[in-house]
> 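My questions will all concern the structure given below.
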Amino acid sequence: MIEAKNFGVSVLYGVITIFLLAAITSLVFSFILSFTNTQEKSIRLLITIISFFSVFAGGFICGGKGRQKGWVLGGATGLLYSLIILLYQYLGHGSLFTLEQLIYYTCYTLTAMMGGVLGVNIAGGPTQQHH
């Protein structure tokens, strides 16, 4: 069983990874949009792909840190990320998720779950205890 402290730390690492990657890519794309003739609609697909990669990476880091139950850790990471975005959108802008956003954030959570599973498998699973 995952102990609560390890679970929380793992999920926190995952969510921080997602937000760091999002901040870095937002900065890069803002420079591209500001200093070139590129239109936002022309890079929308690229932004979506990078968003999914960021969420996958967050789940992967979370699963690698937790070393067991990657789908639970990744799912919790995706749900916490979605909740933070929902709270920001609701409290900051007074609106809830649209149906399209709900679909995106459901897919983000599933993607984070896949990242968590892969993170656990690549990290080698639970550490072996020798008595």
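Quick note: residue numbers are just sequence positions, from 1.
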> Using side-chain heavy atoms (C-beta onward) and a distance below 4.5 Å, is I50 in contact with S54?
yes

> For S82 and L86, what are the C-alpha separation, side-chain angles and deciding distance, and is it a side-chain contact (heavy atoms from CB on, under 4.5 Å)?
CA-CA 6 Å; S82 299; L86 175 66; over 6 Å; no

> Is there a chain of hydrophobic side chains (I, L, V, M, F, W, Y, each step under 4.5 Å between heavy atoms) that links L73 to W71?
yes

> In the hydrophobic clustering that connects Ile, Leu, Val, Met, Phe, Trp and Tyr at side-chain heavy-atom distances below 4.5 Å, which members other than L99 occupy its cluster, ordered by chain and number?
I103

> Under a 4.5 Å side-chain heavy-atom rule over Ile, Leu, Val, Met, Phe, Trp and Tyr, are I84 and V11 clustered together?
yes

> Could you go through S95 and Y90, starting from their C-alpha distance and side-chain angles, then the distance that decides it, and tell me whether this counts as side-chain contact (heavy atoms from CB on, under 4.5 Å)?
CA-CA 5 Å; S95 64; Y90 180 70; over 6 Å; no

> Hydrophobic cluster membership, with links at side-chain heavy-atom distances under 4.5 Å among I/L/V/M/F/W/Y: are L80 and L96 in one?
yes

> Decide if the gap between the ring center of F53 and the ring center of F56 is smaller than 6.0 angstrom.
no

> For residues C62 and G74, report the shortest heavy-atom separation together with the two atoms involved.
SG-N, 4.4 Å

> In terms of hydrophobic clustering (I, L, V, M, F, W, Y; side-chain heavy atoms under 4.5 Å; direct or indirect links), are F35 and I47 co-clustered?
no

> Is there a side-chain contact between I85 and F97 in this structure, where contact means two heavy atoms from C-beta onward sitting under 4.5 Å apart?
yes

> Could you grab the distance from atom OG1 of T38 to atom CD1 of I32, nearest 0.5 Å is fine?
7.0 Å

> Would L102 and T98 count as a side-chain contact (heavy atoms from CB on, under 4.5 Å) if you check the C-alpha gap in whole Å, the side-chain angles of each, and the deciding distance to 0.1 Å?
CA-CA 6 Å; L102 188 61; T98 63; over 6 Å; no

> So do the side chains of F29 and L46 get within less than 4.5 Å of each other, counting heavy atoms only?
yes

> For atom OH of Y104, decide whether the heavy atoms of other residues, nucleotides or ligands shown that lie under 6.0 angstrom number more than 12.
no

> Please list, one pair per line, the donor and acceptor atoms closer than 3.5 Å that link side chains of residues 13-28 to other protein atoms, with sequence neighbours excluded.
| residue | atom | partner | partner atom | Å |
| --- | --- | --- | --- | --- |
| T17 | OG1 | Y13 | O | 2.8 |
| T25 | OG1 | L21 | O | 2.9 |
| T25 | OG1 | A22 | O | 3.2 |
| S26 | OG | A22 | O | 2.8 |

> Nearest 0.5 angstrom please: S10 OG to K5 NZ, how far?
11.5 Å

> So which atom in G66 and which in N6 form the shortest heavy-atom distance, rounded to 0.1 Å?
O-ND2, 3.6 Å

> Applying side-chain contact (heavy atoms from CB on, under 4.5 Å) to L33 and I43, what does each step give before you reach the verdict?
CA-CA 9 Å; L33 292 171; I43 60 172; 3.9 Å; yes

> Any side-chain heavy atom of K65 within less than 4.5 Å of one from V9?
yes

> Mind checking the OG1-CE spacing from T111 to M114? Nearest 0.5 Å is all I need.
4.0 Å

> Applying a strict under-4.5 Å side-chain criterion to I, L, V, M, F, W and Y, I'd like to know whether L79 and V72 cluster together.
no

> Is any side-chain heavy atom of Y88 closer than 4.5 Å to one of H93?
yes

